[in-house]
J.: 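Here it is: the structure, laid out below.
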Amino acid sequence: VKLRVRIANKDDRMLTFIWANDPLNRRMSLKDGLSTPDTHMRFFFAELNDGESLYLIIEGLDKETWTPIGKARFYKDGMMSVMLDKNYRGRHLASPAISEVIDFARKTFPVDTVIAKILSVNTPSIKAFKKAGFVFAGEDVCGGKPCVRYKRIFK
Ligand SMILES: CC(C)(COP(=O)(O)OP(=O)(O)OC[C@H]1O[C@@H](n2cnc3c(N)ncnc32)[C@H](O)[C@@H]1OP(=O)(O)O)[C@@H](O)C(=O)NCCC(=O)NCCS
């Protein structure tokens, strides 16, 4: 599957709402709680326009059509997160998606260090970030749960 990345827009509000409440995404999220449509829309539009971060949609070329297959957040300080739609998980797309996201986002935020904070139980995510060139950068606590920091340095 070929991948590309674009900035999210208002037409992504329903899909991102569905993704926000995806059970695995909820379990692996650093923050707790389900989103109601109202809270999702409020946060989504605020995040689209906050000037501090990019809200990115990852698209895959599936049967000759570019289809949204996941999303990523990339912050001015180099922090990032990623998720893939459940229908596209388990296909080794995470690490190429992470690399595409970084290439895209560093054009706007040219940071030297990209950081991911990942719950320690989230093996697929840790493996995917490692495969994308990240190295272990320490243990932490995220929302009361054990998590790890991984970083990738560009110089
Ligand atoms: C994290 C996420 C993007 C990874 O994508 P994925 O499609 O599940 O993972 P991939 O198929 O690309 O596989 C990544 C690696 O994890 C391994 N893996 C996948 N599922 C696994 C599992 N259940 N247990 C152990 N390893 C697993 C794969 O074998 C692969 O490793 P390898 O290349 O050494 O074989 C996806 O699981 C997701 O969207 N999760 C919910 C959101 C989330 O947790 N985001 C991370 C926060 S930063």
Side-chain angles (χ1 to χ4, degrees), residues 1-8 12-36 39-40 43-44 47-48 50 52-63 65-106 108-109 111-154:
V1 179
K2 274 196 194 165
L3 300 177
R4 72 180 186 188
V5 170
R6 63 168 172 81
I7 305 267
D12 299 309
R13 61 194 184 279
M14 271 320 292
L15 188 55
T16 55
F17 171 61
I18 292 164
W19 285 341
N21 286 332
D22 169 86
L24 180 67
N25 191 38
R26 288 317 324 144
R27 281 205 303 285
M28 295 307 160
S29 174
L30 308 184
K31 295 175 219 137
D32 277 334
L34 288 174
S35 297
T36 63
T39 52
H40 175 74
F43 281 109
F44 177 67
E47 287 174 341
L48 280 192
D50 72 358
E52 301 284 311
S53 65
L54 299 174
Y55 201 125
L56 301 172
I57 301 295
I58 301 154
E59 295 185 331
L61 191 57
D62 198 352
K63 300 187 187 87
T65 307
W66 285 104
T67 307
I69 67 160
K71 66 166 187 164
R73 302 280 285 130
F74 196 104
Y75 299 84
K76 219 178 189 169
D77 62 2
M79 197 74 80
M80 73 169 286
S81 65
V82 65
M83 80 139 273
L84 292 179
D85 184 281
K86 63 176 176 0
N87 295 318
Y88 291 89
R89 288 182 197 142
R91 292 162 61 170
H92 302 282
L93 294 174
S95 107
I98 291 164
S99 299
E100 286 289 330
V101 165
I102 293 172
D103 287 350
F104 185 95
R106 283 181 76 245
T108 304
F109 298 136
V111 291
D112 287 336
T113 307
V114 182
I115 308 261
K117 276 190 180 185
I118 311 163
L119 291 189
S120 304
V121 294
N122 196 351
T123 310
S125 182
I126 293 171
K127 282 190 180 172
F129 276 96
K130 277 189 183 164
K131 216 170 170 183
F134 283 67
V135 294
F136 180 72
E139 302 201 342
D140 218 324
V141 177
C142 300
K145 298 171 204 159
C147 66
V148 284
R149 264 178 291 121
Y150 273 76
K151 66 176 178 192
R152 179 159 174 204
I153 298 177
F154 295 84

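Numbering of residues begins at 1 and proceeds along the displayed sequence. Start at 1 and go down the list; that is how both ligands and their atoms are numbered.
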J.: Where the closest heavy atom to atom 39 (O) of ligand 1 is concerned, which of Asp85, Leu84, Ile98, Ile118 has it?
T.: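 Among Asp85, Leu84, Ile98, Ile118, the closest heavy atom to atom 39 (O) of ligand 1 comes from Leu84.
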
J.: Using a 4.0 Å cutoff against the non-hydrogen atoms of Arg91, which atoms of ligand 1 qualify?
T.: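 Counting from 1, the qualifying ligand atoms are 11 (O).
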
J.: If you count heavy atoms of other groups shown closer than 6.0 angstrom to NZ of Lys86, is the number above 12?
T.: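 Counting neighbours around NZ of Lys86, 12 or fewer heavy atoms of other residues, nucleotides or ligands fall under 6.0 Å, so no.
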
J.: For atom 29 (O) of ligand 1, what's the nearest protein heavy-atom neighbour? Residue, atom name and distance, please.
T.: His92 CE1, 3.7 Å

J.: Using a 4.0 Å cut-off to any heavy atom of Leu93, which atoms of ligand 1 qualify?
T.: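 Under 4.0 Å from Leu93, ligand 1 has these atoms: 12 (O).
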
J.: Given Asn122, Leu119, Ile58, which one has a non-hydrogen atom that is nearest to atom 43 (C) of ligand 1?
T.: Asn122

J.: Lys131 heavy atoms, cut-off 4.0 Å: which ligand 1 atoms fall inside?
T.: 33 (O)

J.: Looking only at heavy atoms, is any part of Lys127 under 4.0 Å from ligand 1, and if so is it the side chain, the backbone, or both, or is it neither?
T.: side chain

J.: Find out whether Ser29 and Arg26 are in side-chain contact, i.e. whether some heavy atom of one side chain is under 4.5 Å from a heavy atom of the other.
T.: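 Yes, their side chains come closer than 4.5 Å.
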
J.: Excluding sequence neighbours, so at least two apart, what forms salt bridge (Lys or Arg N to Asp or Glu O under 4.0 Å) with Arg4?
T.: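 Here the qualifying residues are Glu59.
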
J.: Heavy-atom contacts with Ala94 under 4.0 Å: which atoms of ligand 1 show up? List them by number with element.
T.: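 Heavy-atom distances to Ala94 below 4.0 Å select 4 (C), 5 (O), 9 (O), 12 (O).
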
J.: Distance to 0.1 Å, residue and atom name: give those for the protein heavy atom nearest to atom 40 (N) of ligand 1.
T.: Leu24 CD2, 3.6 Å

J.: Are side-chain heavy atoms of Val101 and Leu54 found at a separation under 4.5 Å?
T.: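 They are not in side-chain contact.
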
J.: Are the side chains of Leu56 and Met80 in contact, using a 4.5 Å heavy-atom criterion?
T.: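 Not touching, per the 4.5 Å side-chain cut-off.
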
J.: What residue and heavy atom of the protein are closest to atom 22 (C) of ligand 1, and at what distance?
T.: Pro124 CG, 3.8 Å

J.: What protein heavy atom sits nearest atom 42 (C) of ligand 1, and how far off is it?
T.: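 Result for atom 42 (C) of ligand 1: Asn25 OD1, 3.3 Å.
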
J.: Need the ligand 1 atom indices (1-based, order shown) with element for anything under 4.0 Å from a heavy-atom of Gly90.
T.: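 Checking each atom against Gly90, I get 6 (P), 7 (O), 8 (O), 11 (O).
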
J.: Look up atom OH in Tyr55 and atom OG1 in Thr16, then write down how far apart they are to the nearest 0.5 Å.
T.: 4.0 Å

J.: Closest non-hydrogen protein atom to atom 25 (C) of ligand 1, residue and atom name please, with distance?
T.: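 Looking at atom 25 (C) of ligand 1, the protein heavy atom closest to it is Thr123 CG2, 3.8 Å.
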
J.: With heavy-atom distances below 4.5 Å as the criterion, would you say the side chains of Lys71 and Asp12 are in contact?
T.: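 Side-chain contact under 4.5 Å: no.
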
J.: Do Ser95 and ligand 1 have an N or O pair less than 3.5 Å apart?
T.: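 In this structure, Ser95 places no N or O atom under 3.5 Å from an N or O of ligand 1.
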
J.: Got more than 12 heavy atoms from elsewhere within 6.0 Å of CZ, Phe154?
T.: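 For Phe154, atom CZ is crowded (more than 12 foreign heavy atoms under 6.0 Å).
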
J.: Are any of the side-chain heavy atoms of Ile58 and Leu93 separated by less than 4.5 Å?
T.: no

J.: So Arg89 and Met83, do their side chains get closer than 4.5 Å, heavy atoms only?
T.: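 In short, these two side chains touch, coming nearer than 4.5 Å.
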
J.: Out of all atoms in ligand 1, which are within 4.0 Å of some heavy atom of Met83? Include the element for each.
T.: 39 (O), 42 (C)

J.: Using atom types as modelled, flag every donor-acceptor pair under 3.5 Å from a side chain in residues 123-141 to any protein atom, sequence neighbours excluded.
T.:
residue, atom, partner, partner atom, Å
Asp140, OD2, Arg149, NE, 3.1

J.: Got the closest protein heavy atom to atom 1 (C) of ligand 1, with its distance?
T.: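 Checked against all protein heavy atoms, atom 1 (C) of ligand 1 sits closest to Ser125 CB, 3.6 Å.
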
J.: Looking at non-hydrogen atoms alone, which of Lys71, Arg89, Met80 comes nearest to atom 36 (C) of ligand 1?
T.: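 Result: the heavy atom closest to atom 36 (C) of ligand 1 is in Arg89.
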
J.: Closest non-hydrogen protein atom to atom 47 (C) of ligand 1, residue and atom name please, with distance?
T.: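 Of the protein heavy atoms, Val82 O, 3.8 Å lies nearest.
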
